[in-house]
Amino acid sequence: MKIAVGNDHAGLPLMKTLKEYLRARGHELVDHGTDSEDSVDYPDYAHEVAASVSSGKADLGLLVCGTGIGMSIAANRHPGVRAALCADGYMARMARMHNFANVLCMGARVLGPGVAMEILDVFLHTPFEGGRHERRVEKLEPKP
Ligand code: RB5
């Protein structure tokens with residue numbers, strides 16, 4: 001899978017672990033950074049990853065900041081992007097099954113690496129359930 005990834009300074013340590021995890025499983029990463037510990041503005045990275053998913057350049061997106069909140073707010077402003085902030089495997093499973101989420105957001109100051117990898121794994125391997133959720137997901141986009 002082609003996965004766009006982005007993080008701010010707070011998300012950097014966790015993202016390093018998650019990128020290794022993804023590469024080891026054969027995923028192609030489009031890395032939007034940051035790769036530095038210098039303080040940066042999380043929306044800059046969220047918008048790049050969200051644009052990549054919105055345009056179809058990437059299949060999925062992964063965003064990590066301190067809480068995951070700012071990243072999810074910014075990413076969800078892009079058409080066709082359904083960014084889900086997940087704190088456990090259940091949320092990740094539901095985000096895929098019911099909401100057909102295409103961007104996973106996590107908080108590096110909230111989660112340990114083990115839980116974060118489990119969330120990522122569930123997110124990548126859970127399919128959309130479809131059925132009644134199809135209609136609901138369509139309704140997520142505001143009417144023009
Ligand atoms: C950075 O200090 C922090 O505000 C950011 O990583 C994130 O948690 C924002 O939602």
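Indexing begins at 1, ligand by ligand and atom by atom, following the structure's order. Quick caveat, the model's predicted, so the values are computed rather than measured.
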Tell me which pairs pass salt bridge (Lys or Arg N to Asp or Glu O under 4.0 Å) where either residue lies in residues 15-24, with sequence neighbours left out.
K19-D31

Quick one: do H27 and L124 satisfy side-chain contact (heavy atoms from CB on, under 4.5 Å)? Show the steps, please.
CA-CA 11 Å; H27 295 288; L124 292 176; 3.9 Å; yes

Go through the steps for L62 and L22 under the test side-chain contact (heavy atoms from CB on, under 4.5 Å), then give the verdict.
CA-CA 11 Å; L62 172 63; L22 289 170; 3.9 Å; yes

Using a cut-off of under 3.5 Å, which N/O atoms of ligand 1 pair up with protein N/O atoms, and what distance separates each pair?
from     : atom 1 : to   : atom 2 : distance (Å)
ligand 1 : 2 (O)  : R109 : NH1    : 3.3
ligand 1 : 6 (O)  : D8   : OD2    : 2.6
ligand 1 : 6 (O)  : G66  : N      : 2.8
ligand 1 : 8 (O)  : G66  : N      : 3.3
ligand 1 : 8 (O)  : T67  : N      : 3.0
ligand 1 : 8 (O)  : T67  : OG1    : 3.2
ligand 1 : 10 (O) : T67  : OG1    : 3.4
ligand 1 : 10 (O) : G70  : N      : 2.9

Testing T34, I69, D8 for side-chain contact (heavy atoms from CB on, under 4.5 Å) with Y42, which one passes?
D8

Can any side-chain N or O of D59 pair as donor or acceptor with the backbone N or O of I3 at less than 3.5 Å?
no

Could you tell me how the ring of F100 sits relative to the ring of F128: parallel (under 30°), tilted (30 to 60°) or perpendicular (over 60°)?
parallel

